[in-house]
Protein chains: 2
Amino acid sequence: MIETGAEPESRAERKLRTRRAILDATLELSTDSSLTALSLRQVAKQVGIVPTAFYRHFDSIESLGLALVEESFDSLRDLFRDVRRNAQADKDIVDGSIDALVDHVHRRRDHFGFIARERVAGPRSVREAIRHEIELCERELATDLALMSGTDTWTAKDLHVLSSLFVTVLVATAEQILSTTRPEQEAQIVATVRTQLRMLLIGVYQWRSEA
Amino acid sequence: MIETGAEPESRAERKLRTRRAILDATLELSTDSSLTALSLRQVAKQVGIVPTAFYRHFDSIESLGLALVEESFDSLRDLFRDVRRNAQADKDIVDGSIDALVDHVHRRRDHFGFIARERVAGPRSVREAIRHEIELCERELATDLALMSGTDTWTAKDLHVLSSLFVTVLVATAEQILSTTRPEQEAQIVATVRTQLRMLLIGVYQWRSEA
DNA sequence: CCTTTCAGTGAACATCTGTACACCGACAAC
DNA sequence: GTTGTCGGTGTACAGATGTTCACTGAAAGG
(Lines give C-alpha, C1' and ligand atoms only; values in the text may rest on other atoms or scores of the structure.)
Protein backbone atom coordinates (compact mmCIF):
# COMPACT_ATOMS: atom_id res chain seq x y z
CA MET A 1 0.00 0.00 0.00
CA ILE A 2 1.16 3.48 -0.80
CA GLU A 3 1.03 5.89 2.05
CA THR A 4 -1.20 8.62 0.67
CA GLY A 5 -0.82 10.69 3.76
CA ALA A 6 -4.34 9.86 4.88
CA GLU A 7 -4.44 11.32 8.36
CA PRO A 8 -6.49 9.59 11.07
CA GLU A 9 -8.89 12.57 11.01
CA SER A 10 -11.12 13.29 13.95
CA ARG A 11 -14.87 13.30 13.66
CA ALA A 12 -15.02 17.09 13.64
CA GLU A 13 -12.51 17.21 10.82
CA ARG A 14 -14.53 14.76 8.77
CA LYS A 15 -17.66 16.78 9.26
CA LEU A 16 -15.88 19.93 8.18
CA ARG A 17 -14.63 18.16 5.11
CA THR A 18 -18.06 17.11 3.87
CA ARG A 19 -19.33 20.57 4.70
CA ARG A 20 -16.64 21.96 2.45
CA ALA A 21 -17.54 19.39 -0.20
CA ILE A 22 -21.16 20.55 -0.06
CA LEU A 23 -20.16 24.18 -0.44
CA ASP A 24 -17.86 23.37 -3.35
CA ALA A 25 -20.41 21.15 -5.04
CA THR A 26 -23.00 23.89 -4.77
CA LEU A 27 -20.71 26.49 -6.29
CA GLU A 28 -19.93 24.13 -9.13
CA LEU A 29 -23.50 23.08 -9.81
CA SER A 30 -24.85 26.61 -9.79
CA THR A 31 -22.36 28.06 -12.28
CA ASP A 32 -25.26 28.38 -14.64
CA SER A 33 -28.82 28.91 -13.47
CA SER A 34 -29.06 29.78 -9.78
CA LEU A 35 -29.54 28.51 -6.26
CA THR A 36 -33.31 28.59 -6.66
CA ALA A 37 -33.00 26.09 -9.52
CA LEU A 38 -30.75 23.79 -7.54
CA SER A 39 -32.08 20.74 -5.74
CA LEU A 40 -30.82 19.29 -2.51
CA ARG A 41 -30.54 15.91 -4.21
CA GLN A 42 -28.31 17.20 -7.00
CA VAL A 43 -25.95 18.60 -4.41
CA ALA A 44 -25.97 15.37 -2.43
CA LYS A 45 -25.27 13.31 -5.52
CA GLN A 46 -22.39 15.57 -6.51
CA VAL A 47 -20.91 15.33 -3.03
CA GLY A 48 -21.39 11.59 -2.93
CA ILE A 49 -23.63 11.46 0.11
CA VAL A 50 -27.21 10.38 0.51
CA PRO A 51 -29.80 13.21 0.33
CA THR A 52 -30.73 13.01 3.98
CA ALA A 53 -27.13 13.48 5.08
CA PHE A 54 -27.38 17.01 3.73
CA TYR A 55 -29.50 17.96 6.73
CA ARG A 56 -26.63 17.23 9.09
CA HIS A 57 -24.97 20.38 7.73
CA PHE A 58 -27.67 22.76 6.51
CA ASP A 59 -31.40 22.72 6.92
CA SER A 60 -32.15 24.04 3.47
CA ILE A 61 -30.57 25.19 0.23
CA GLU A 62 -31.32 28.70 1.37
CA SER A 63 -29.21 28.53 4.52
CA LEU A 64 -26.49 26.89 2.47
CA GLY A 65 -26.71 30.01 0.29
CA LEU A 66 -26.24 32.28 3.28
CA ALA A 67 -23.08 30.41 4.20
CA LEU A 68 -21.81 30.87 0.66
CA VAL A 69 -22.54 34.58 0.82
CA GLU A 70 -20.25 34.94 3.82
CA GLU A 71 -17.56 32.90 2.16
CA SER A 72 -17.82 34.77 -1.12
CA PHE A 73 -17.54 38.13 0.54
CA ASP A 74 -14.37 37.03 2.23
CA SER A 75 -12.99 36.80 -1.30
CA LEU A 76 -14.34 40.23 -2.11
CA ARG A 77 -12.79 41.72 0.99
CA ASP A 78 -9.50 40.16 -0.03
CA LEU A 79 -9.86 42.06 -3.27
CA PHE A 80 -10.46 45.29 -1.40
CA ARG A 81 -7.39 44.70 0.70
CA ASP A 82 -5.27 44.26 -2.41
CA VAL A 83 -6.70 47.37 -4.02
CA ARG A 84 -5.76 49.31 -0.94
CA ARG A 85 -2.30 47.82 -0.93
CA ASN A 86 -1.77 48.68 -4.58
CA ALA A 87 -2.97 52.21 -3.90
CA GLN A 88 -0.47 52.67 -1.10
CA ALA A 89 2.33 51.37 -3.25
CA ASP A 90 3.62 53.48 -6.12
CA LYS A 91 1.13 51.93 -8.57
CA ASP A 92 -1.30 54.00 -10.59
CA ILE A 93 -4.59 53.84 -8.72
CA VAL A 94 -6.68 52.87 -11.73
CA ASP A 95 -4.33 50.24 -13.11
CA GLY A 96 -3.56 48.88 -9.67
CA SER A 97 -7.23 48.44 -8.85
CA ILE A 98 -8.06 46.83 -12.15
CA ASP A 99 -5.13 44.45 -11.84
CA ALA A 100 -6.32 43.38 -8.43
CA LEU A 101 -9.88 42.97 -9.69
CA VAL A 102 -8.90 40.80 -12.64
CA ASP A 103 -6.60 38.73 -10.51
CA HIS A 104 -9.20 38.02 -7.84
CA VAL A 105 -11.98 37.31 -10.29
CA HIS A 106 -9.77 34.73 -11.96
CA ARG A 107 -8.79 33.16 -8.72
CA ARG A 108 -12.29 32.95 -7.28
CA ARG A 109 -14.42 32.77 -10.37
CA ASP A 110 -16.90 30.69 -8.39
CA HIS A 111 -17.35 33.24 -5.60
CA PHE A 112 -17.70 36.26 -7.83
CA GLY A 113 -20.06 34.39 -10.13
CA PHE A 114 -22.10 33.32 -7.14
CA ILE A 115 -22.49 36.88 -5.90
CA ALA A 116 -23.35 38.19 -9.36
CA ARG A 117 -26.07 35.59 -9.83
CA GLU A 118 -27.66 35.35 -6.42
CA ARG A 119 -27.60 39.10 -5.98
CA VAL A 120 -30.53 39.34 -8.38
CA ALA A 121 -31.83 35.80 -8.78
CA GLY A 122 -31.28 34.07 -5.46
CA PRO A 123 -33.73 33.42 -2.63
CA ARG A 124 -34.92 36.59 -0.96
CA SER A 125 -32.84 36.17 2.20
CA VAL A 126 -29.73 35.56 0.12
CA ARG A 127 -30.40 38.63 -1.99
CA GLU A 128 -30.81 40.70 1.14
CA ALA A 129 -27.64 39.34 2.70
CA ILE A 130 -25.67 40.20 -0.43
CA ARG A 131 -27.21 43.67 -0.64
CA HIS A 132 -26.18 44.23 2.97
CA GLU A 133 -22.61 43.06 2.39
CA ILE A 134 -22.27 45.31 -0.63
CA GLU A 135 -23.50 48.19 1.47
CA LEU A 136 -20.72 47.46 3.95
CA CYS A 137 -18.19 47.38 1.13
CA GLU A 138 -19.37 50.76 -0.08
CA ARG A 139 -18.98 52.24 3.38
CA GLU A 140 -15.54 50.75 3.72
CA LEU A 141 -14.46 52.16 0.39
CA ALA A 142 -15.93 55.55 1.30
CA THR A 143 -13.66 55.82 4.32
CA ASP A 144 -10.71 54.94 2.11
CA LEU A 145 -11.67 57.59 -0.41
CA ALA A 146 -11.79 60.15 2.37
CA LEU A 147 -8.05 59.68 2.77
CA MET A 148 -7.40 60.30 -0.91
CA SER A 149 -5.90 63.62 -1.91
CA GLY A 150 -8.44 66.04 -3.29
CA THR A 151 -11.39 64.81 -1.27
CA ASP A 152 -10.73 66.85 1.86
CA THR A 153 -13.61 69.23 1.15
CA TRP A 154 -16.05 66.47 0.26
CA THR A 155 -19.15 65.78 2.30
CA ALA A 156 -19.63 62.32 3.74
CA LYS A 157 -22.61 61.90 1.49
CA ASP A 158 -20.67 62.64 -1.67
CA LEU A 159 -17.97 60.24 -0.60
CA HIS A 160 -20.52 57.50 -0.28
CA VAL A 161 -22.07 58.40 -3.62
CA LEU A 162 -18.72 58.09 -5.32
CA SER A 163 -17.92 54.89 -3.49
CA SER A 164 -21.20 53.41 -4.63
CA LEU A 165 -20.40 54.32 -8.22
CA PHE A 166 -17.02 52.62 -7.99
CA VAL A 167 -18.59 49.50 -6.58
CA THR A 168 -21.19 49.51 -9.34
CA VAL A 169 -18.50 49.68 -12.00
CA LEU A 170 -16.48 47.04 -10.18
CA VAL A 171 -19.41 44.64 -10.01
CA ALA A 172 -20.32 45.23 -13.65
CA THR A 173 -16.75 44.65 -14.74
CA ALA A 174 -16.51 41.45 -12.74
CA GLU A 175 -19.71 40.25 -14.38
CA GLN A 176 -18.31 40.97 -17.82
CA ILE A 177 -15.03 39.21 -17.11
CA LEU A 178 -16.98 36.23 -15.84
CA SER A 179 -19.08 36.04 -18.97
CA THR A 180 -16.13 35.51 -21.26
CA THR A 181 -13.32 33.01 -21.56
CA ARG A 182 -11.56 34.52 -24.55
CA PRO A 183 -8.45 36.42 -23.39
CA GLU A 184 -8.61 39.06 -26.11
CA GLN A 185 -12.18 39.87 -25.18
CA GLU A 186 -11.14 40.18 -21.56
CA ALA A 187 -8.36 42.54 -22.57
CA GLN A 188 -11.00 44.60 -24.34
CA ILE A 189 -13.14 44.73 -21.22
CA VAL A 190 -10.18 45.75 -19.10
CA ALA A 191 -9.17 48.49 -21.54
CA THR A 192 -12.72 49.80 -21.52
CA VAL A 193 -13.08 50.00 -17.76
CA ARG A 194 -9.65 51.59 -17.60
CA THR A 195 -10.80 54.45 -19.78
CA GLN A 196 -14.08 54.68 -17.93
CA LEU A 197 -12.35 55.09 -14.59
CA ARG A 198 -10.02 57.72 -16.05
CA MET A 199 -12.96 59.70 -17.40
CA LEU A 200 -14.60 59.46 -14.03
CA LEU A 201 -11.46 60.46 -12.14
CA ILE A 202 -11.22 63.70 -14.09
CA GLY A 203 -14.67 64.56 -12.83
CA VAL A 204 -13.73 63.56 -9.31
CA TYR A 205 -10.68 65.81 -9.21
CA GLN A 206 -12.80 68.77 -10.21
CA TRP A 207 -15.71 68.02 -7.92
CA ARG A 208 -16.58 70.37 -5.10
CA SER A 209 -19.29 69.30 -2.69
CA GLU A 210 -22.12 71.72 -2.20
CA ALA A 211 -22.92 72.87 1.31
CA MET B 1 -77.48 37.84 -20.09
CA ILE B 2 -75.32 40.88 -19.82
CA GLU B 3 -73.48 41.81 -22.92
CA THR B 4 -69.90 41.87 -21.71
CA GLY B 5 -68.64 42.97 -25.06
CA ALA B 6 -67.25 39.54 -25.75
CA GLU B 7 -66.22 39.77 -29.38
CA PRO B 8 -66.62 36.72 -31.62
CA GLU B 9 -62.80 36.49 -31.82
CA SER B 10 -61.15 34.59 -34.61
CA ARG B 11 -59.00 31.56 -33.99
CA ALA B 12 -55.81 33.52 -34.57
CA GLU B 13 -56.91 36.13 -32.05
CA ARG B 14 -57.62 33.47 -29.47
CA LYS B 15 -54.22 31.94 -29.96
CA LEU B 16 -52.55 35.29 -29.58
CA ARG B 17 -54.48 35.85 -26.39
CA THR B 18 -53.31 32.68 -24.69
CA ARG B 19 -49.79 33.38 -25.94
CA ARG B 20 -50.00 36.74 -24.18
CA ALA B 21 -51.37 35.03 -21.10
CA ILE B 22 -48.39 32.67 -21.09
CA LEU B 23 -45.94 35.54 -21.40
CA ASP B 24 -47.66 37.47 -18.62
CA ALA B 25 -47.89 34.44 -16.36
CA THR B 26 -44.19 33.77 -16.84
CA LEU B 27 -43.24 37.33 -15.98
CA GLU B 28 -45.38 37.15 -12.87
CA LEU B 29 -44.15 33.75 -11.70
CA SER B 30 -40.50 34.57 -12.20
CA THR B 31 -40.48 37.83 -10.22
CA ASP B 32 -38.36 36.05 -7.69
CA SER B 33 -36.02 33.22 -8.59
CA SER B 34 -35.52 32.88 -12.33
CA LEU B 35 -36.61 31.20 -15.54
CA THR B 36 -34.37 28.24 -14.82
CA ALA B 37 -36.32 27.59 -11.64
CA LEU B 38 -39.66 27.83 -13.41
CA SER B 39 -41.55 24.78 -14.56
CA LEU B 40 -43.74 24.46 -17.59
CA ARG B 41 -46.49 23.13 -15.39
CA GLN B 42 -46.47 26.13 -13.07
CA VAL B 43 -46.89 28.40 -16.06
CA ALA B 44 -49.70 26.27 -17.47
CA LYS B 45 -51.53 26.26 -14.15
CA GLN B 46 -51.21 30.03 -13.80
CA VAL B 47 -52.55 30.54 -17.33
CA GLY B 48 -55.36 28.07 -16.78
CA ILE B 49 -54.46 25.63 -19.50
CA VAL B 50 -53.37 22.03 -19.39
CA PRO B 51 -49.57 21.48 -19.45
CA THR B 52 -49.48 19.97 -22.92
CA ALA B 53 -51.24 23.00 -24.41
CA PHE B 54 -48.10 24.97 -23.65
CA TYR B 55 -46.37 23.26 -26.56
CA ARG B 56 -48.80 24.82 -29.01
CA HIS B 57 -47.06 28.12 -28.36
CA PHE B 58 -43.47 27.43 -27.30
CA ASP B 59 -41.43 24.29 -27.36
CA SER B 60 -39.62 24.96 -24.11
CA ILE B 61 -39.28 27.44 -21.27
CA GLU B 62 -36.08 28.54 -22.91
CA SER B 63 -37.69 29.64 -26.17
CA LEU B 64 -40.38 31.34 -24.13
CA GLY B 65 -37.53 33.22 -22.50
CA LEU B 66 -36.19 34.35 -25.84
CA ALA B 67 -39.59 35.76 -26.72
CA LEU B 68 -39.63 37.65 -23.43
CA VAL B 69 -36.19 39.06 -24.15
CA GLU B 70 -37.46 40.62 -27.35
CA GLU B 71 -40.51 41.97 -25.63
CA SER B 72 -38.56 43.35 -22.69
CA PHE B 73 -36.11 45.15 -24.90
CA ASP B 74 -38.96 46.84 -26.68
CA SER B 75 -39.61 48.44 -23.30
CA LEU B 76 -35.98 49.36 -22.97
CA ARG B 77 -35.92 50.92 -26.40
CA ASP B 78 -38.97 52.93 -25.43
CA LEU B 79 -36.92 54.24 -22.53
CA PHE B 80 -34.12 55.20 -24.87
CA ARG B 81 -36.53 57.02 -27.11
CA ASP B 82 -37.82 59.03 -24.17
CA VAL B 83 -34.33 59.85 -22.99
CA ARG B 84 -33.56 61.16 -26.44
CA ARG B 85 -36.75 63.19 -26.50
CA ASN B 86 -36.01 64.70 -23.11
CA ALA B 87 -32.51 65.55 -24.27
CA GLN B 88 -33.81 67.37 -27.31
CA ALA B 89 -36.30 69.31 -25.22
CA ASP B 90 -35.07 72.00 -22.87
CA LYS B 91 -34.69 69.54 -19.99
CA ASP B 92 -31.43 69.04 -18.16
CA ILE B 93 -29.86 65.95 -19.68
CA VAL B 94 -29.18 64.23 -16.36
CA ASP B 95 -32.55 64.92 -14.77
CA GLY B 96 -34.39 64.21 -17.98
CA SER B 97 -32.73 60.84 -18.39
CA ILE B 98 -33.28 59.83 -14.80
CA ASP B 99 -36.92 60.86 -14.95
CA ALA B 100 -37.41 58.72 -18.01
CA LEU B 101 -35.62 55.81 -16.38
CA VAL B 102 -37.68 55.91 -13.21
CA ASP B 103 -40.87 56.29 -15.16
CA HIS B 104 -40.21 53.33 -17.42
CA VAL B 105 -38.99 51.07 -14.65
CA HIS B 106 -42.20 51.74 -12.77
CA ARG B 107 -44.34 51.14 -15.79
CA ARG B 108 -42.64 47.93 -16.84
CA ARG B 109 -41.29 46.58 -13.60
CA ASP B 110 -41.77 43.09 -14.96
CA HIS B 111 -39.68 43.64 -18.09
CA PHE B 112 -36.82 45.39 -16.37
CA GLY B 113 -36.77 42.82 -13.60
CA PHE B 114 -36.77 40.07 -16.17
CA ILE B 115 -33.74 41.49 -17.95
CA ALA B 116 -31.89 42.08 -14.69
CA ARG B 117 -32.42 38.51 -13.54
CA GLU B 118 -32.03 36.50 -16.69
CA ARG B 119 -29.04 38.54 -17.76
CA VAL B 120 -26.96 36.69 -15.20
CA ALA B 121 -29.07 33.74 -14.09
CA GLY B 122 -31.11 32.69 -17.11
CA PRO B 123 -30.49 29.83 -19.55
CA ARG B 124 -27.37 30.32 -21.61
CA SER B 125 -29.17 31.24 -24.83
CA VAL B 126 -31.25 33.81 -22.97
CA ARG B 127 -28.17 35.32 -21.37
CA GLU B 128 -26.52 35.58 -24.74
CA ALA B 129 -29.57 37.16 -26.32
CA ILE B 130 -29.69 39.78 -23.58
CA ARG B 131 -25.98 40.45 -23.83
CA HIS B 132 -26.44 41.00 -27.55
CA GLU B 133 -29.35 43.36 -27.11
CA ILE B 134 -27.46 45.41 -24.55
CA GLU B 135 -24.59 45.62 -27.00
CA LEU B 136 -26.99 47.08 -29.55
CA CYS B 137 -28.23 49.59 -26.99
CA GLU B 138 -24.70 50.69 -26.28
CA ARG B 139 -24.03 51.23 -29.97
CA GLU B 140 -27.24 53.17 -30.35
CA LEU B 141 -26.40 55.38 -27.41
CA ALA B 142 -22.89 55.89 -28.76
CA THR B 143 -24.22 57.39 -31.98
CA ASP B 144 -26.42 59.69 -29.93
CA LEU B 145 -23.50 60.78 -27.81
CA ALA B 146 -21.58 61.63 -30.97
CA LEU B 147 -24.13 64.36 -31.62
CA MET B 148 -23.67 65.87 -28.17
CA SER B 149 -21.74 69.11 -27.92
CA GLY B 150 -18.18 68.59 -26.74
CA THR B 151 -17.68 65.15 -28.23
CA ASP B 152 -16.67 66.27 -31.72
CA THR B 153 -13.03 65.37 -31.15
CA TRP B 154 -13.80 62.00 -29.60
CA THR B 155 -12.80 58.73 -31.21
CA ALA B 156 -15.49 56.19 -31.98
CA LYS B 157 -13.91 53.92 -29.43
CA ASP B 158 -14.13 56.45 -26.63
CA LEU B 159 -17.72 57.15 -27.51
CA HIS B 160 -18.54 53.49 -27.11
CA VAL B 161 -16.61 53.30 -23.86
CA LEU B 162 -18.63 56.16 -22.44
CA SER B 163 -21.86 54.73 -23.78
CA SER B 164 -21.09 51.43 -22.10
CA LEU B 165 -20.49 53.20 -18.81
CA PHE B 166 -23.81 54.99 -19.06
CA VAL B 167 -25.60 51.73 -19.76
CA THR B 168 -23.86 50.09 -16.81
CA VAL B 169 -25.03 52.84 -14.48
CA LEU B 170 -28.48 52.72 -16.00
CA VAL B 171 -28.79 48.98 -15.47
CA ALA B 172 -27.47 49.18 -11.94
CA THR B 173 -29.88 51.97 -11.10
CA ALA B 174 -32.80 50.06 -12.54
CA GLU B 175 -31.82 47.06 -10.42
CA GLN B 176 -31.73 49.18 -7.29
CA ILE B 177 -35.08 50.78 -8.00
CA LEU B 178 -36.53 47.32 -8.56
CA SER B 179 -35.20 46.04 -5.28
CA THR B 180 -37.11 48.55 -3.18
CA THR B 181 -40.72 49.52 -2.73
CA ARG B 182 -40.21 52.30 -0.21
CA PRO B 183 -40.54 55.68 -1.95
CA GLU B 184 -38.05 57.47 0.29
CA GLN B 185 -35.44 54.85 -0.45
CA GLU B 186 -36.10 55.24 -4.14
CA ALA B 187 -35.67 58.99 -3.82
CA GLN B 188 -32.33 58.27 -2.19
CA ILE B 189 -31.28 56.06 -5.10
CA VAL B 190 -32.32 58.68 -7.61
CA ALA B 191 -30.44 61.43 -5.77
CA THR B 192 -27.35 59.26 -5.69
CA VAL B 193 -27.33 58.43 -9.37
CA ARG B 194 -28.00 62.08 -10.12
CA THR B 195 -24.83 63.09 -8.36
CA GLN B 196 -22.92 60.22 -9.92
CA LEU B 197 -23.87 61.30 -13.42
CA ARG B 198 -22.93 64.89 -12.66
CA MET B 199 -19.52 63.83 -11.40
CA LEU B 200 -19.09 61.77 -14.52
CA LEU B 201 -20.22 64.57 -16.83
CA ILE B 202 -17.53 66.87 -15.49
CA GLY B 203 -14.99 64.31 -16.59
CA VAL B 204 -16.67 63.92 -19.94
CA TYR B 205 -16.57 67.64 -20.70
CA GLN B 206 -12.85 67.72 -20.03
CA TRP B 207 -12.01 64.53 -21.88
CA ARG B 208 -9.83 64.64 -24.97
CA SER B 209 -9.39 61.43 -26.92
CA GLU B 210 -5.83 60.36 -27.56
CA ALA B 211 -4.75 59.75 -31.12
C1' DC C 1 -14.72 -1.25 28.95
C1' DC C 2 -19.10 0.33 28.26
C1' DT C 3 -22.11 3.95 26.76
C1' DT C 4 -23.31 7.93 24.20
C1' DT C 5 -23.04 10.77 20.27
C1' DC C 6 -23.80 11.61 15.60
C1' DA C 7 -22.39 11.73 10.39
C1' DG C 8 -24.01 9.01 7.08
C1' DT C 9 -27.43 5.11 5.30
C1' DG C 10 -31.52 3.25 2.86
C1' DA C 11 -36.25 2.59 2.25
C1' DA C 12 -40.56 4.83 1.81
C1' DC C 13 -43.90 8.61 0.98
C1' DA C 14 -46.60 12.05 -1.56
C1' DT C 15 -45.93 15.39 -4.84
C1' DC C 16 -44.13 17.51 -8.88
C1' DT C 17 -41.64 17.28 -13.20
C1' DG C 18 -41.41 16.98 -18.79
C1' DT C 19 -43.35 14.71 -22.50
C1' DA C 20 -45.99 11.16 -25.42
C1' DC C 21 -50.38 9.91 -27.10
C1' DA C 22 -55.11 9.72 -28.59
C1' DC C 23 -58.79 12.57 -28.57
C1' DC C 24 -62.30 16.55 -29.09
C1' DG C 25 -64.81 20.33 -31.15
C1' DA C 26 -65.02 24.82 -33.03
C1' DC C 27 -63.44 27.56 -36.57
C1' DA C 28 -61.64 27.93 -41.61
C1' DA C 29 -61.47 26.73 -46.34
C1' DC C 30 -63.34 24.78 -50.12
C1' DG D 1 -72.08 21.17 -46.19
C1' DT D 2 -68.27 18.57 -46.03
C1' DT D 3 -63.61 18.34 -44.71
C1' DG D 4 -59.33 19.68 -42.61
C1' DT D 5 -56.86 22.41 -39.41
C1' DC D 6 -55.41 23.09 -34.91
C1' DG D 7 -55.96 25.03 -29.86
C1' DG D 8 -56.90 22.75 -26.08
C1' DT D 9 -58.11 18.31 -23.16
C1' DG D 10 -57.19 14.06 -20.35
C1' DT D 11 -54.64 10.13 -19.37
C1' DA D 12 -50.50 8.04 -18.60
C1' DC D 13 -45.66 7.21 -17.30
C1' DA D 14 -40.97 7.28 -15.77
C1' DG D 15 -38.21 10.00 -13.24
C1' DA D 16 -36.97 13.72 -9.83
C1' DT D 17 -38.13 16.26 -5.76
C1' DG D 18 -38.23 17.36 -0.26
C1' DT D 19 -38.78 15.13 3.99
C1' DT D 20 -39.91 11.27 7.39
C1' DC D 21 -38.12 7.56 9.95
C1' DA D 22 -35.62 3.82 11.92
C1' DC D 23 -31.00 2.17 11.27
C1' DT D 24 -25.69 1.57 11.62
C1' DG D 25 -21.06 1.82 13.01
C1' DA D 26 -17.21 4.20 14.31
C1' DA D 27 -15.30 7.81 17.07
C1' DA D 28 -15.68 10.36 21.74
C1' DG D 29 -16.27 10.40 26.61
C1' DG D 30 -16.95 8.37 30.97
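Order of the sequence lines fixes the chain letters, A, B, ..., with proteins taken first and strands second; residue numbering starts at 1 for each chain.
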Peer 1: Salt bridge (Lys or Arg N to Asp or Glu O under 4.0 Å): which pairs involve residues 33-61 of chain A, sequence neighbours left out?
Peer 2: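 Qualifying pairs: none.
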Peer 1: Can you sort out the partners of D103(A) under side chain to side chain contact (heavy atoms under 4.5 Å, CB included), two or more places apart, ordered by chain and number?
Peer 2: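 Once residues adjacent in sequence are excluded, the partners of D103(A) under the side chain to side chain contact (heavy atoms under 4.5 Å, CB included) criterion are R107(A).
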Peer 1: What is the distance, rounded to the nearest whole Å, between atom CG of L16(B) and atom P of dG8(D)?
Peer 2: 11 Å
Peer 1: Show me the pairs that pass salt bridge (Lys or Arg N to Asp or Glu O under 4.0 Å) and involve residues 65-80 of chain A, at least two apart or across chains.
Peer 2: R20(A)-E71(A), D74(A)-R77(A), R77(A)-E133(A), D78(A)-R81(A)
Peer 1: Counting only heavy atoms and a strict 4.0 angstrom limit, can you tell me which residues of residues 31-42 of chain B come near DNA chain C?
Peer 2: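 Close to the strand are S39(B), L40(B), R41(B), Q42(B).
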Peer 1: Whole-Å distance between dT17(C) P and E62(B) CD?
Peer 2: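 Value for this atom pair: 18 Å.
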Peer 1: What residues, two or more places apart in sequence or in another chain, satisfy side chain to side chain contact (heavy atoms under 4.5 Å, CB included) together with S33(A)?
Peer 2: A37(A), T36(B)
Peer 1: When the C1' atoms of the five terminal pairs at each end define the local axes, what inter-axis angle does the helix from dC1(C)-dG30(D) to dC30(C)-dG1(D) show, to 10 degrees?
Peer 2: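 Overall, the helix from dC1(C)-dG30(D) to dC30(C)-dG1(D) bends by 20° from one end axis to the other.
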Peer 1: Which pairs, with at least one residue in residues 159-179 of chain A and sequence neighbours excluded, count as a salt bridge (Lys or Arg N to Asp or Glu O under 4.0 Å)?
Peer 2: R119(A)-E175(A), E175(A)-R119(B)
Peer 1: Write down the distance between CG (D59(B)) and C1' (dT19(C)), rounded to a whole number of angstrom.
Peer 2: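 For the pair D59(B) CG and dT19(C) C1', the rounded distance is 12 Å.
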Peer 1: So, using side chain to side chain contact (heavy atoms under 4.5 Å, CB included) as the criterion, who are the partners of S125(B) when residues are at least two apart?
Peer 2: E62(B), L66(B)
Peer 1: Can you list, by residue number, the residues of residues 47-55 of chain A that have a non-hydrogen atom closer than 4.0 angstrom to DNA chain D?
Peer 2: T52(A), Y55(A)
Peer 1: Distance check, rounded to the nearest 0.5 Å: I98(A) atom CD1 versus T173(A) atom OG1?
Peer 2: 7.5 Å
Peer 1: Counting just side-chain N and O atoms, does S60(A) come under 4.0 Å of either OP1 or OP2 of dG18(D)?
Peer 2: no
Peer 1: If you look at every heavy atom in I189(B) and Q176(B), which pair is closest and at what distance?
Peer 2: CD1-O, 3.6 Å
Peer 1: In whole angstrom, give the distance that lies between atom NZ of K45(B) and atom C1' of dG18(C).
Peer 2: 15 Å
Peer 1: In chain order, what residues pass the side chain to side chain contact (heavy atoms under 4.5 Å, CB included) check against A172(B), with sequence neighbours excluded?
Peer 2: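 So A172(B) forms a side chain to side chain contact (heavy atoms under 4.5 Å, CB included) with T168(A).
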Peer 1: Whole angstroms only, please: what is the CD1-C1' distance between I22(A) and dA7(C)?
Peer 2: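 One finds 10 Å between C1' of dA7(C) and CD1 of I22(A), rounded.
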Peer 1: With a 4.5 Å heavy-atom cut-off, do Q196(A) and V193(A) have their side chains touching?
Peer 2: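 Yes. Closest side-chain heavy atoms under 4.5 Å.
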Peer 1: CD of E13(A) versus C1' of dA26(D): gap in Å, rounded?
Peer 2: 15 Å
Peer 1: Checking N86(B) now: which residues fulfil side chain to side chain donor-acceptor pair (under 3.5 Å) with it, not counting sequence neighbours?
Peer 2: none
Peer 1: Working to the nearest 0.5 angstrom, can you tell me the gap between F73(B) CZ and L136(B) CG?
Peer 2: 8.5 Å
Peer 1: N/O contacts under 3.5 Å, protein versus nucleotides 2-6 of chain D?
Peer 2:
residue: dT5(D); atom: O2; partner: R11(B); partner atom: NH1; Å: 3.1
residue: dT5(D); atom: O2; partner: R11(B); partner atom: NH2; Å: 2.7

Peer 1: Check the distance between dG18(C)'s C1' and I61(B)'s CD1 and give it to me in whole angstrom.
Peer 2: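 Those two atoms, CD1 and C1', are 10 Å apart.
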Peer 1: Go through the steps to decide whether R84(A) and E140(A) satisfy the test salt bridge (charged side-chain N to carboxylate O under 4.0 Å, His left out), and finish with yes or no.
Peer 2: CA-CA 11 Å; R84(A) 210 166 0 233; E140(A) 191 182 320; 3.1 Å; yes
